Each structure stands twice: as C-alpha cells, then as structure tokens.
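What follows is a short report on a single structure.
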Amino acid sequence: MNDTGPGIGSSVHVRDLLVTPGRWTLWRQRPRLIAFCLVTEAVAVGSTVLAAAWVQPGAKDVLVTLALAVLGITQSELGRQVERVRRRVNGTPHINMTSVWTFAGVLLLPPALVAALVAILYTHLALRSWYRLQRVPAFRSVINASVVVLTCYVARLVLGLFGVTGIGDALTQGWLGVGAIAGTVAAYFVANALLILGALNMTRRSIRELFGGWADNLVELATLCLGTLTALAMATQPVLVVMVVPPLLVLHRGVLVRQLEVAATKDEKTGLFNTLGWHNLATSELARAGRTNETTGVLMVDLDHFKQVNDTYGHLAGDLALKAVADTITAQVRSYDSVGRFGGEEFVVLLPGVGEAHVVTVAERIRHAVSELVVPVDFADDGRVIKDLSVSIGVAMYPTAGTVVDRLLHAADTALYSAKNSGRNRVVSF
C-alpha cells in the first residue's frame, strides 16, 4: 500500500488529488483492496449519519471531544520523533497511540462525536505526513480512520448491551459496570482485529505482518487501559487527565527500545536473524541440547551462481531473489527452528531436537523448493522473472561435528564447499 506516484508533498500533486479523482492512488491498488476500502468507508459514513440523527450531542460533549482531540494532537506532537523511528524500524503495521483517546471517546461521547474525534486525530496525522513529505497516500489515512470509526461503534454497541450508557453510568453499576468496561475493551480489540483480517484478504501480507507479535498486541491492550483511565479522569476530575500523557510517552519510548533491540538482531533485506542474532540464539539452544542430551542439526545454505543473478537482472532484483529464498527456507522448517542470513547469499538454519536423517530430509526439501522458485521482478514492469535458482547445502550435527556454534558452522561450511565442488545443487553431510 505504498504510494508509487509523484511526490505527495508537492502542491501540484495535492491539487491533482483534490481536483482529479481519477488520479488518486487508491485506483492503482488491487481491485479487492479498492472494494474493501470503498465498502468500509461507505459503512463508516452511513453509520455516522445515522448515529448523528439518533443521538443529539450536548455542549459538554463537544467540549470533551475538543479536549480529547487537543490531548491526542499534543501527545502525537510530543512523541513524533519516537514515532518516526518506530515506523522506520518496525516490520509490522504500525500501532500508534490514538486508541487511548478514541477508546476514551467510546466511554464518554455519543457515537457521532467519537467519529468526529477520530476524524480530527487522523486528519492531523495525514496533514503532518504531507507536510513532512512522507509520501503517505491519502486513501491510507481515510481507510485507517474508517476502520477505527467502525471499531469504536462496535465497542459502543457492546457497552450498550450491558445497559450502560457511558463511564459515568458504569461507576454507579458496581461489578456490572466493571464487566461492561472489560467487555467493551475486548470488543474494541476483537473488532479491530477482524477488520484487519478483512484487509488481510485484500493484500499480500501475512497474518504475522498484519497482526504483529504478542508485544504489539500488548501495546494495543495497554493503550486501551490508558484510554479507560482517561475516561475515568474526565468523568470524575477532568484536570487529572493530563497525567495520562507522561506515562503514555514513556510507554511509547519503551516500545521503541524493544523494537530497536529486535532490529539489532534482524537482517534488513530478508527479515531473518542476522549473524549476531542467530549466533546468540544458537548458543542458547546448544546449551539446552547439552542439558537434555538431544541432537541438533545445522544447515549452511548457499545460493548457487548468485553473481550471475546480479549481473543479469541487477542488484535490486538480486535482493528480491534473496528475500524469496529466505521466505522459502522459513516455509520449509518448523516455527521454532532458527533461520538466519550468514552474509552475502549464505543462510544458516538451526534444527533442534532432531536426528541426522530428518535434518537431511529438511535440507532436501529446502533444495527442491528453491529449485521451483519463480521470482517476479515487480519493479521492472516488463514481465521478467528470475528462475532456475538452486542452493548447495552443508549439514553438520551436534554433538558429533562439534559442541559449540563456531565448530558446527565450520563443519557445515566444509560440507557446503564439498557440495559446491561436486556440482552444486545438492546436500552433503559433514
């Protein structure tokens, strides 16, 4: 969903977006994604119109909306440097902190004003992106806001099913009120996940890439908890709501530290462990294998004739081939096996708790899968593909080939060179 058009920050491009709908970036997306965006946005707008006609907001509601909007924009501006780094190092769709304010709106405001709050917050994010020339397509901001609006409406509906009208009413309901708030948090989280799952069917991203890991989801739950505290403060002592901002900024920075730690162990081009990350993990795994007397396999995988790929198709296409091979290797092993990029066109795989026969079987499976790869050179727009790829694989076993990582790597590398010297595209055991 990246913008491939001219600079989105230029005045000419902005005018084209406003005056010439036929040139919108949305129309250059996959047809199913276009349909998903249009349907989601239509449902969000239609629901908001009905909500506005059903419940008339009061002056106090408008003031609360403005207060939450100001707090959200202030927090966003105070954390923009951290936000920029998080977007750069995070491999999953970015989780921002706006749900603190939107969920507080669910507990405090009529539905139509919740939609207004979402519109203000996401308009600010979009304008900031345009101002900083970050080339964020306008349709992304619109669909993100629409998804959040629908998420808020589902959460608000669940709150109503408990017979609770808002946070103030929940405070008078005892444990029923507590259950209503907990149910609303769960509804917000699940509704957002289901809408993302809908987007999954329209894109080429994996579930892991869209949903993130446990850490990403815990951050989302933490923001919902802070949103509840924000609503409590607004309902009881509004001046205390400013005390939510400092812990929110600390949470934001803490998430960044964790992402940087993960990024330090990942290879940028393939998303696999880099040499340091794989070596550290392998060391820990071999220590465990020593305690449990288990055998462990190490594969050294080298992409044959990779220089010819670069010379024929270019280095950018070579990077696509590396990523495709990395994904293929990962798909052929278990989720808890460790795959890393050793450098250049070499990869390493750690297979704990299996015997040599099984390790060789996995190696052959990888070799066969790579030989069937066809890698489209997407950016060339000329229909070119990279095919006839092959890998040579060296196999070493713990503890027979060595009891430390470096010794096992040396053994696997020795077997790899034997595979190359005997004709390539084969598996050789040490």
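Residue indices begin at 1 and follow the sequence shown. These numbers were taken from a predicted model, which means no experiment stands behind them.
Residue pairs satisfying the side-chain hydrogen bond (donor to acceptor under 3.5 Å, both in side chains) criterion with at least one member in residues 173-183, sequence neighbours excluded, are listed as follows: D169-Q173.
S338 approaches L281 most closely through the heavy-atom pair OG-CD2, 2.7 Å. Taking every heavy atom of both residues into account, H124 and S76 meet most closely at CE1-OG, 3.4 Å. Between A69 and I120, the shortest heavy-atom contact is CB-CG2, 3.8 Å. Closest heavy-atom contact between F347 and V325: CE1-CG1, 3.8 Å. Of all the heavy atoms in A44 and Y153, the pair that sits closest is O-CE1, 4.3 Å. Minimum interatomic distance between A363 and L299 (heavy atoms only, all atoms of both residues): CB-CD2, 4.0 Å.
In this structure, OG1 on T102 lies 7.0 Å from CG on L117, to the nearest 0.5 angstrom. Taking NE2 of H279 as the start and CG of N274 as the end, the distance is 12.0 Å to the nearest 0.5 Å. One distance of note links CG of D337 with CD of E285; it measures 9.0 Å at 0.5 Å rounding. Here CG of N144 is found 9.0 Å from CG of L125. Values are rounded to the nearest 0.5 Å. The structure places OG1 of T295 at 4.5 Å from CE of M397, a figure rounded to the nearest 0.5 Å. Here L224 contributes atom CG and I181 contributes atom CD1; the two are 11.5 Å apart, rounded to the nearest 0.5 Å.
Here the side chains of I393 and I366 are in contact, with some heavy-atom distance below 4.5 Å. T223 places none of its side-chain heavy atoms less than 4.5 Å from the side chain of F103. Counting only heavy atoms from C-beta outward, the side chains of V385 and V377 never approach each other to under 4.5 Å. With a 4.5 Å cut-off on side-chain heavy atoms, V354 and R334 count as touching. By the 4.5 Å heavy-atom criterion applied to side chains, L232 and L229 are counted as neighbours. No side-chain heavy atom of L68 sits under 4.5 Å from any side-chain heavy atom of L66. F306 places a side-chain heavy atom less than 4.5 Å from the side chain of L322. Contact annotation: the side chain of F342 approaches that of L409 to within less than 4.5 Å [non-hydrogen atoms, C-beta and beyond].
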Item checked: Stepwise side chain to side chain contact (heavy atoms under 4.5 Å, CB included) check, V404 with L286 -> CA-CA 7 Å; V404 296; L286 289 185; 5.7 Å; no
Next item on the list: Test V362 against L351 for side chain to side chain contact (heavy atoms under 4.5 Å, CB included), laying out the working first.
Entry: CA-CA 9 Å; V362 172; L351 302 166; 4.1 Å; yes
Checklist line | CA sep, side-chain torsions, deciding dist, call: V298, V395, side chain to side chain contact (heavy atoms under 4.5 Å, CB included) | finding: CA-CA 6 Å; V298 171; V395 177; over 6 Å; no
Next item on the list: Decide yes or no on side chain to side chain contact (heavy atoms under 4.5 Å, CB included) for W278 and V405, but give the supporting numbers first.
Entry: CA-CA 10 Å; W278 187 88; V405 175; 3.9 Å; yes
Donor-acceptor pairs are to be reported for all side-chain atoms of residues 368-376 against protein atoms at under 3.5 Å, with residues two or more places apart or in another chain.
from : atom 1 : to   : atom 2 : distance (Å)
H368 : NE2    : E372 : OE2    : 3.2
S371 : OG     : H368 : O      : 2.5

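Each of V241, L240, V239 was compared with M243 under the side chain to side chain contact (heavy atoms under 4.5 Å, CB included) criterion, and only L240 meets it.
Taking a cutoff of 4.0 Å between a charged side-chain nitrogen and a carboxylate oxygen, K307 and E345 do not qualify as a salt bridge. Between D319 and K323 there is no salt bridge, since none of the side-chain N atoms of the basic residue sits less than 4.0 Å from a carboxylate O of the acidic one.
The backbone N or O of T165 lies less than 3.5 Å from a partner atom in the side chain of R156, making a donor-acceptor pair.
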